Amino acid sequence: MPLGALRPSPLVEQAAQRLREQITAGHWPVGTKLPGETTLAKELGVGRSTVREALRALAGAGLVRPRHGAGVFVIAAEPVEDWPARLRRAAVTDVYEVRMGVEVQAARLAAQRRTPDDITALRAALEGRRTAAAHGDADFVEADIALHAAVVAAAHNPVLADLFAEFVPVLRAGLVTLLDLTGLRRKDPDTGDGSHAALVHAVAEGDAERAVAVLRAELEQTLELLRGRG
């Protein structure tokens with residue numbers, strides 16, 4: 001059964017879901033060695049780094065386990081704990097509070113560890129968010145999350161990246177609803193551009209304290225809006 005190419009975003013989440021489906025359907029039984037990253041990347045139409053992050057998510061769910069020098073093997077047909085489902089049942093404000101802890105620490109590390117490629121990715125994500133301001137709320141939220149994901153990626157901590165990826169479905173739904181209810185973008189289609197530009201600048205300049213302060217203020221403001229709509 002061919003895997004099929006994926007839609008543009010969010011790639012890690014989609015890749016993990018597609019691979020999970022293959023495992024739970026028995027396409028790769030327990031004990032099976034998965035195809036290599038290069039093969040999976042080609043079938044899914046994504047980069048190897050996306051496949052690598054997706055496999056980490058599956059390992060966290062107890063479905064696969066890497067064996068040094070041998071590859072990645074299926075160890076269970078069902079996840080030990082359906083954490084994404086648990087998150088989907090959670091209140092968006094609860095998820096947002098945890099997101100703040102994860103992402104504020106990621107911003108601090110990103111300012112300390114960012115590479116030239118990370119800076120390029122951050123600036124591209126900021127421009128992508130500005131471009132999305134001309135489109136609907138769903139596209140704008142997707143671009144906003146992509147920028148935040150770029151900050152997390154620049155921290156170069158796979159655990160933080162995995163945690164953030166797990167939050168994305170709940171965040172996406174909650175933020176789209178928030179924008180619809182508040183009408184924030186009717187007056188300012190690119191709402192929050194100043195704070196996001198300041199965040200990118202702080203990370204690029206290696207100013208960890210500034211990055212943390214800007215991000216915390218931005219997330220706290222959004223959390224207050226979410227609580228007000230609860």
Side-chain angles (χ1 to χ4, degrees), residues 9-10 12-13 53 87 90-133 137-179 182 184-185 187-230:
S9 66
V12 172
E13 179 190 335
E53 293 300 321
L87 283 174
V92 67
T93 50
D94 292 339
V95 175
Y96 219 87
E97 288 173 353
V98 178
R99 174 198 180 177
M100 287 181 64
V102 169
E103 205 173 336
V104 165
Q105 175 62 8
R108 185 187 304 280
L109 293 175
Q112 296 168 350
R113 300 175 177 177
R114 80 279 183 265
T115 66
D117 285 345
D118 292 327
I119 294 173
T120 298
L122 285 165
R123 289 172 176 163
L126 179 61
E127 288 307 310
R129 189 180 188 277
R130 288 169 171 167
T131 298
D137 288 347
D139 288 341
F140 184 74
V141 166
E142 199 71 56
D144 178 81
I145 290 174
L147 191 156
H148 286 269
V151 173
V152 175
H156 296 281
N157 183 312
V159 177
L160 288 174
D162 288 348
L163 285 171
F164 183 79
E166 294 285 9
F167 297 154
V168 166
V170 178
L171 295 176
R172 182 187 300 113
L175 292 174
V176 169
T177 299
L178 178 67
L179 289 175
T182 61
L184 283 173
R185 297 186 62 233
K187 294 182 179 179
D188 181 9
D190 197 7
T191 183
D193 178 68
S195 62
H196 286 79
L199 173 62
V200 169
H201 180 75
V203 172
E205 292 297 311
D207 189 342
E209 295 310 311
R210 176 63 176 160
V212 165
V214 170
L215 181 60
R216 181 180 286 119
E218 190 253 323
L219 293 179
E220 285 178 347
Q221 182 179 41
T222 304
L223 181 57
E224 286 307 308
L225 288 172
L226 288 168
R227 284 172 174 155
R229 295 289 163 174

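What you see is a predicted model, and the numbers here were worked out from it, not measured in a lab. One-based numbering along the sequence shown.
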Partners meeting side-chain contact (heavy atoms from CB on, under 4.5 Å) with Glu205 (sequence neighbours left out):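 Glu205 satisfies side-chain contact (heavy atoms from CB on, under 4.5 Å) with His201 once adjacent residues are dropped.
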Which residues share a side-chain contact (heavy atoms from CB on, under 4.5 Å) with Arg185, sequence neighbours left out: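 Arg185: side-chain contact (heavy atoms from CB on, under 4.5 Å) contacts with Ala133, Asp137, Phe140, Leu179, Pro189, Thr191.
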Side-chain donor/acceptor of Asp207 to backbone N/O of Arg210, under 3.5 Å: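 Here the side-chain-to-backbone pair exists.
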Val141 backbone acceptor or donor facing Asp144 side chain under 3.5 Å: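 Side chain of Asp144 to backbone of Val141, a donor-acceptor pair under 3.5 Å: no, none is there.
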Out of curiosity, [X] [atom1] to [Y] [atom2], how far, rounded to the nearest 0.5 Å?
X      : Y      : atom1 : atom2 : result
Leu184 : Leu178 : CG    : CG    : 6.0 Å
Thr177 : Leu226 : OG1   : CG    : 9.5 Å
Arg129 : Thr131 : CZ    : OG1   : 11.5 Å
Asp193 : His196 : CG    : NE2   : 8.5 Å
Arg114 : Ile119 : CZ    : CD1   : 5.0 Å
His148 : Leu122 : NE2   : CG    : 11.0 Å

Which atom of [X] lies closest to which atom of [Y], heavy atoms considered:
X      : Y      : result
Gly128 : Ala143 : O-CB, 3.8 Å
Ala107 : Ala211 : O-CB, 4.1 Å
Phe167 : Val98  : CZ-CG1, 3.5 Å
Ala106 : Ala155 : O-CB, 3.5 Å

Criterion side chain to side chain contact (heavy atoms under 4.5 Å, CB included) against Leu109, the qualifying member of Val152, Val151, Leu160: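 That would be Leu160.
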[Y] and [X], any side-chain heavy atoms less than 4.5 Å apart:
X      : Y      : result
Val200 : Leu147 : yes
Asp118 : Arg113 : no
Tyr96  : Leu175 : yes

Full working for side-chain contact (heavy atoms from CB on, under 4.5 Å) between Glu218 and Leu199: CA-CA 10 Å; Glu218 190 253 323; Leu199 173 62; 5.6 Å; no
Chi angles and distances behind the side-chain hydrogen bond (donor to acceptor under 3.5 Å, both in side chains) call for Thr120, Asp117: CA-CA 5 Å; Thr120 298; Asp117 285 345; 5.2 Å; no
Arg123 atom CZ: more than 12 heavy-atom contacts under 6.0 Å: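 Not more than 12 within 6.0 Å, no.
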Over 12 foreign heavy atoms within 6.0 Å of CD, Glu127: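 Atom CD in Glu127 is crowded, with more than 12 foreign heavy atoms closer than 6.0 Å.
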Qualifying salt bridge (Lys or Arg N to Asp or Glu O under 4.0 Å) pairs, either residue in residues 96-109, two or more places apart: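 Qualifying pairs: Glu97-Arg227, Arg99-Glu103, Arg108-Glu209.
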Full working for side-chain contact (heavy atoms from CB on, under 4.5 Å) between Val12 and Val168: CA-CA 11 Å; Val12 172; Val168 166; over 6 Å; no
